[in-house]
Structures are given as C-alpha cells and as structure tokens.
Amino acid sequence: MTWPSDLPAQLAGLAPTLLGIALLIAIVTLVLRGYRVPHPFAPALAVLRGALQLAAISLILSGIISDPFWVGVGLAVMFAAAVGTVTRRIGATRLHAAGVAASMGLGVLVTLLVVFGTGALEFTPRYVLSFGGIIIGNAMSIATLSGRRFTEGVTEHWEEVEGWLALGATPRQSTRELARRAVYFALIPSTDQTKTTGLVTLPGAFVGAIFGGASPLEAGRFQIVVLAGILCAGSIAAVALIHLLAPVTRRPAPVPG
C-alpha cells in the first residue's frame with residue numbers, strides 16, 4: 001500500500017472545512033435544543049463519528065484503491081458494518097442477522113453482477129470500490145426503512161393482524177399488505193431522488209466525478225448507473241428482508257430509536 005506524497009499538505013488544508021462543519025453542527029444542535037427535540041446532540045455525535053471514520057477510511061483507501069484484494073477487504077468491512085446497523089435498527093435478534101446479511105447480500109450481488117457483467121461500468125478496483133460502497137450504503141438505508149416501517153405497521157395494526165389470524169389466515173397472509181406498504185414507503189426517498197436528479201438535486205456521485213476531472217457526460221453516465229443500481233439493490237434487499245420478517249405470530253417488541 002502506498003500513500004500520496006502530498007498527504008501532509010492535504011491534511012493541512014482541512015482547517016477551513018473543519019471550521020465550516022463545526023459551525024453547521026453548532027447550528028443544528030442549537031435549533032434542536034431550542035425546540036426541545038429528543039437527543040439534540042445525536043446529529044453532532046453522528047458527524048463526529050462519521051468524520052473520524054471517513055478520516056480513517058480516506059487514509060486507508062489512499063493506499064489500497066488500486067489493489068483488488070484490499071478493495072475486496074474494504075467492501076467486506078463496509079458490508080459487515082451495514083448488516084450490523086440494519087440488525088440493530090430494526091430490532092432484529094442475532095438469529096435474524098444472517099437473514100439480514102442474506103437479504104442485503106442478494107441485492108448488492110445482483111446489482112454488481114449486472115452492472116459489471118454488462119460493462120455498464122468498467123470492472124476496475126476504483127469503480128468496484130466506489131460503486132460497491134454506494135450500493136451497500138443505500139441498500140442499508142432502504143433495508144432499515146422497510147424493516148422499521150413493517151415492524152411499526154404491525155404494532156399499530158396488531159388488532160387487525162390478530163383478526164386475520166383468528167379467521168384462519170397464515171402469519172404471512174395476515175401481514176401481506178403491511179409488508180407491501182413497508183417496501184413501497186422504504187423506496188420513496190430513493191425513487192424521489194432519482195426522479196428529481198438534475199432538476200432539484202445534483203447527486204454526490206455526479207458532482208464528485210466532475211470534480212475528479214470527468215466530463216459532464218461521463219459523470220452523468222456514472223450517476224444514472226448508480227441511481228438504477230440503488231433501486232435494484234434496495235428493492236431486492238427490502239423484499240427479501242420483509243419476506244423474512246413477515247410471518248408474525250405475536251406483537252413485535254418496540255423498535256429501538
């Protein structure tokens with residue numbers, strides 16, 4: 001692994017960035033505390049943790065971005081962290097962790113195979129790392145949203161679910177509509193982002209590609225592949241995860257915050 005020779009100079013140039021981030025988070029905390037929102041320091045702690053993790057991963061990636069083996073290791077670590085996050089957020093037991101991993105893994109694997117198998121993106125360590133990381137992160141978010149929405153829906157409509165069970169419906173049949181709605185609502189943010197790309201927002205992958213020297217056409221090609229990949233991986237992960245959770249025979253425990 002090798003690191004850029006100008007790394008110290010790059011680190012020294014971060015002072016204005018750190019100042020800007022500190023001011024933004026101070027504003028967030030003041031607004032939340034002023035309105036007495038629960039856990040007002042959570043965003044600040046999340047940014048601090050994210051900054052530390054990004055600092056570490058940035059240094060690591062500088063040395064491994066061209067090495068296929070270490071790129072694979074990096075993606076495996078990302079995936080494991082994503083699975084752990086989803087498992088905690090939806091209140092799943094450790095026995096369900098394997099199901100969460102299988103659901104997300106299926107979505108991510110199918111997406112990567114399609115994108116690199118068709119040549120939509122060049123199969124190089126750089127593209128595999130960047131595209132794979134984006135897909136894993138978004139599959140994690142969609143899986144979390146679908147799992148939480150489903151659990152909350154079952155809790156809120158437990159009398160209805162019990163009624164179906166009493167009438168002879170199977171546990172899966174009794175939550176079928178709740179499961180479908182959970183998947184639908186979990187995909188809304190990604191669907192809206194895709195529909196409004198270039199009109200309301202300029203996504204990070206698009207802007208980052210341009211800043212990296214790519215032409216607007218090349219950046220746009222990369223971004224649309226990313227958006228389609230997010231929807232593909234997220235749809236598969238959400239449907240597979242909810243299929244795993246759908247057979248419910250008792251009222252779910254409260255979902256952790």
Side-chain angles (χ1 to χ4, degrees), residues 37-39 42-43 46 78-112 114 134-197 200-201 226-257:
V37 175
H39 310 296
M78 293 179 193
F79 183 77
V83 169
T85 299
V86 174
T87 303
R88 290 194 306 272
R89 282 296 188 183
I90 67 175
T93 65
R94 291 186 177 181
L95 293 176
H96 280 138
V100 173
S103 302
M104 289 183 55
L106 180 62
V108 172
L109 180 61
V110 168
T111 302
L112 294 180
V114 170
I134 292 171
I135 296 303
I136 290 172
N138 282 274
M140 175 189 72
S141 298
I142 294 171
T144 298
L145 287 174
S146 63
R148 289 180 68 90
R149 180 83 186 192
F150 175 73
T151 302
E152 291 168 355
V154 172
T155 301
E156 293 170 2
H157 297 85
W158 181 243
E159 290 77 11
E160 177 184 331
V161 174
E162 274 191 320
W164 280 111
L165 291 172
L167 291 172
T170 65
R172 190 178 301 281
Q173 290 172 333
S174 67
T175 59
R176 180 175 295 162
E177 288 306 313
L178 295 173
R180 290 169 176 167
R181 287 206 295 267
V183 173
Y184 169 73
F185 282 108
L187 287 169
I188 285 178
S190 297
T191 303
D192 285 350
Q193 180 188 26
T194 302
K195 289 195 300 185
T196 59
T197 295
V200 177
T201 62
V226 165
L227 292 173
I230 289 172
L231 291 173
C232 178
S235 298
I236 295 173
V239 169
L241 178 60
I242 297 305
H243 186 76
L244 172 72
L245 300 176
V248 175
T249 56
R250 62 181 179 177
R251 193 185 193 113
V255 179

Kindly write out the residues that satisfy side chain to side chain contact (heavy atoms under 4.5 Å, CB included) with [X], not counting sequence neighbours, or none if the list is empty.
X: I188; answer: Y184, F185, D192
X: V183; answer: L187, A238, V239, I242
X: E160; answer: H157, W164
X: T194; answer: L227, L231

Mind checking side chain to side chain donor-acceptor pair (under 3.5 Å) for [X] and listing every partner two or more places apart, or none if nothing turns up?
X: T170; value: Q173
X: Q193; value: none
X: R172; value: H243
X: R176; value: none

At their closest point, which heavy atom of [X] faces which heavy atom of [Y], and how far apart are they?
X: S146; Y: A186; value: N-CB, 3.4 Å
X: S174; Y: A169; value: N-CB, 4.4 Å
X: A97; Y: T87; value: CA-OG1, 4.0 Å
X: V83; Y: A101; value: CG2-CA, 3.8 Å

**Q.** Those residues that, when tested against E177, pass salt bridge (Lys or Arg N to Asp or Glu O under 4.0 Å) (two or more places apart)
**A.**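 Only R180 meet the salt bridge (Lys or Arg N to Asp or Glu O under 4.0 Å) criterion with E177.
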- Task: If a pair satisfies salt bridge (Lys or Arg N to Asp or Glu O under 4.0 Å) and one of its residues is in residues 230-245, list it, with sequence neighbours excluded.
- Result: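 Counting only pairs at least two positions apart or across chains, no salt bridge (Lys or Arg N to Asp or Glu O under 4.0 Å) contact touches residues 230-245.
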Stepwise side-chain contact (heavy atoms from CB on, under 4.5 Å) check, C232 with V114: CA-CA 10 Å; C232 178; V114 170; 5.8 Å; no
Quiz item: Hey, does the side chain of T111 reach the backbone of A233 with a donor-acceptor pair shorter than 3.5 angstrom?
Solution: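 Side chain of T111 to backbone of A233, a donor-acceptor pair under 3.5 Å: yes, one is there.
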Review point. Would a distance-only check, ignoring hydrogens and angles, find a side-chain to backbone donor-acceptor pair under 3.5 Å from T151 to R148?
Key: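 No.
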Please list all pairs passing the side chain to side chain donor-acceptor pair (under 3.5 Å) test where one or both residues lie in residues 232-242, with sequence neighbours left out.
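Counting only pairs at least two positions apart or across chains, no side chain to side chain donor-acceptor pair (under 3.5 Å) contact touches residues 232-242.
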From [X] [atom1] over to [Y] [atom2], what is the distance, rounded to the nearest 0.5 angstrom?
X: L241; Y: I90; atom1: CG; atom2: CD1; result: 4.5 Å
X: M104; Y: T144; atom1: CE; atom2: OG1; result: 7.5 Å
X: M140; Y: I136; atom1: CE; atom2: CD1; result: 10.0 Å

side-chain contact (heavy atoms from CB on, under 4.5 Å) between V226 and N138, intermediate numbers included | CA-CA 10 Å; V226 165; N138 282 274; 5.9 Å; no
Working for side-chain contact (heavy atoms from CB on, under 4.5 Å), residues V161 and L178: CA-CA 9 Å; V161 174; L178 295 173; 3.8 Å; yes
(Q) Is there a side-chain contact between S103 and V86 in this structure, where contact means two heavy atoms from C-beta onward sitting under 4.5 Å apart? (A)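 Not in contact.
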